[in-house]
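Residues: numbered from 1 along the sequence shown. Every heavy atom of this structure was used, including side-chain atoms; hydrogens, water molecules and symmetry mates were not. These figures come from a predicted structure and were not determined experimentally.
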Amino acid sequence: MAISVAKYLGKARVETTHLASGQKVVTDAVKEYGGQGEYPTPVEVLAQSLANCALTVLALRGMKEGVDITGSYAEIGECEENMENHSVSKFNIVFHIKGNVEEGLRKKLEMFAHKGCFVGNTLTAEKNFTFIYE
């Protein structure tokens with residue numbers, strides 16, 4: 001059974017609809033490759049998925065430790081691409097962690113962001129994560 005449907009709209013644009021919620025995600029190719037460049041590229045959506053997954057597991061681990069990181073966010077930087085094999089070689093993400101996270105818990109959370117994220121564990125590209133505690 002399908003969970004989402006992706007539809008090609010023309011001019012290198014794809015619209016994906018999550019069937020249960022109706023939420024839509026639209027992607028474009030960059031203008032240099034003939035796309036419209038108005039929406040994120042599929043690679044940028046992949047980086048967003050990585051950031052969302054890592055934030056989710058950070059929050060879940062924090063909850064388990066009695067820490068609420070509500071308001072935390074991630075800044076997703078440029079993805080480094082290897083044009084020879086058409087792959088992403090590096091993701092750059094800066095996590096801004098809110099809440100009272102004690103020093104001893106920080107390394108545990110950071111390790112969990114790297115090791116507990118299904119998306120990150122699936123990707124072979126380098127994950128350059130930076131953590132800022134605010």
Query raised in the report: Is there a path from V94 to I97 through hydrophobic residues (I, L, V, M, F, W, Y) whose side chains come within less than 4.5 Å of each other?
Result: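 Looking at the clustering, I97 is in a separate group from V94.
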**Report entry** Single-linkage hydrophobic cluster V67~Y133, side-chain heavy atoms < 4.5 angstrom
**Finding:**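 V67 and Y133: one cluster.
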For residues 1-10, dump all side-chain donor-acceptor pairs below 3.5 Å to protein atoms at least two apart in sequence or in another chain.
| from | atom 1 | to | atom 2 | distance (Å) |
| --- | --- | --- | --- | --- |
| Y8 | OH | K11 | N | 3.2 |
| Y8 | OH | A12 | N | 3.0 |

Taking all atoms of both residues into account, what is the closest heavy-atom pair of [X] and [Y], and its distance?
{"X": "S89", "Y": "E81", "answer": "OG-N, 4.0 Å"}
{"X": "V57", "Y": "G116", "answer": "CG1-O, 3.2 Å"}
{"X": "P40", "Y": "V45", "answer": "CB-CG2, 4.0 Å"}

Requested in this report: Under the ring pair (Phe, Tyr, Trp, His ring centres under 6.0 Å) rule, collect the residues that match up with F112, sequence neighbours excluded.
Outcome: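 Counting only residues at least two positions away or on another chain, F112 forms no ring pair (Phe, Tyr, Trp, His ring centres under 6.0 Å).
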Residues clustering with [X] (ILVMFWY side chains joined when closer than 4.5 Å, directly or via others):
{"X": "L60", "result": "M63"}
{"X": "Y73", "result": "none"}
{"X": "V26", "result": "Y39"}

Pairs under 3.5 angstrom only: tabulate donor-acceptor contacts from the side chains of residues 117-127 to other protein residues two or more places apart or in another chain.
| from | atom 1 | to | atom 2 | distance (Å) |
| --- | --- | --- | --- | --- |
| N121 | ND2 | K115 | O | 3.0 |
| N121 | ND2 | C117 | O | 3.3 |
| T122 | OG1 | F118 | O | 2.7 |
| K127 | NZ | G120 | O | 3.3 |
| K127 | NZ | L123 | O | 2.6 |
| K127 | NZ | A125 | O | 2.8 |

**Report entry** Counterpart residues, side chain to side chain contact (heavy atoms under 4.5 Å, CB included), relative to N85 (two or more places apart)
**Finding:**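 Per chain and number, N85 pairs via side chain to side chain contact (heavy atoms under 4.5 Å, CB included) with N82, S87.
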Query raised in the report: With sequence neighbours left out, which residue pairs that include part of residues 36-58 fulfil the salt bridge (charged side-chain N to carboxylate O under 4.0 Å, His left out) condition?
Result: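 Every pair satisfying salt bridge (charged side-chain N to carboxylate O under 4.0 Å, His left out) with a residue in residues 36-58: R13-E38.
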Return the [atom1] to [atom2] distance between [X] and [Y], rounded to the nearest 0.5 Å.
{"X": "F131", "Y": "H96", "atom1": "CZ", "atom2": "NE2", "value": "11.5 Å"}
{"X": "L55", "Y": "I93", "atom1": "CG", "atom2": "CD1", "value": "8.5 Å"}
{"X": "N128", "Y": "N92", "atom1": "CG", "atom2": "CG", "value": "4.5 Å"}

Query - Residues in side-chain hydrogen bond (donor to acceptor under 3.5 Å, both in side chains) contact with H114, at least two apart in sequence or another chain - result: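 Listed in chain order: nothing, the list is empty.
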Report task. Would you please name every residue forming a salt bridge (charged side-chain N to carboxylate O under 4.0 Å, His left out) with E15, sequence neighbours left out? Result ->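 With neighbours one apart ignored, the set is K24.
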Please tabulate, one pair per line, all N/O donor-acceptor pairs under 3.5 Å involving side-chain atoms of residues 98-106, not counting sequence neighbours.
| from | atom 1 | to | atom 2 | distance (Å) |
| --- | --- | --- | --- | --- |
| K98 | NZ | E134 | OE1 | 2.7 |
| R106 | NE | V101 | O | 3.0 |
| R106 | NH2 | V101 | O | 3.3 |

**Report entry** Summary of side-chain hydrogen bond (donor to acceptor under 3.5 Å, both in side chains) pairs that have at least one residue in residues 52-67, sequence neighbours excluded
**Finding:**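 Only R61-E65, E65-K108 qualify under side-chain hydrogen bond (donor to acceptor under 3.5 Å, both in side chains).
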Query raised in the report: Is the closest side-chain heavy-atom distance between V25 and H18 below 4.5 Å?
Result: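 SC-SC contact between V25 and H18 ruled out.
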Query - Ring geometry between F129 and F95 (parallel below 30°, tilted from 30 to 60°, perpendicular above 60°) - result: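 The arrangement is perpendicular - the two ring planes meet at more than 60°.
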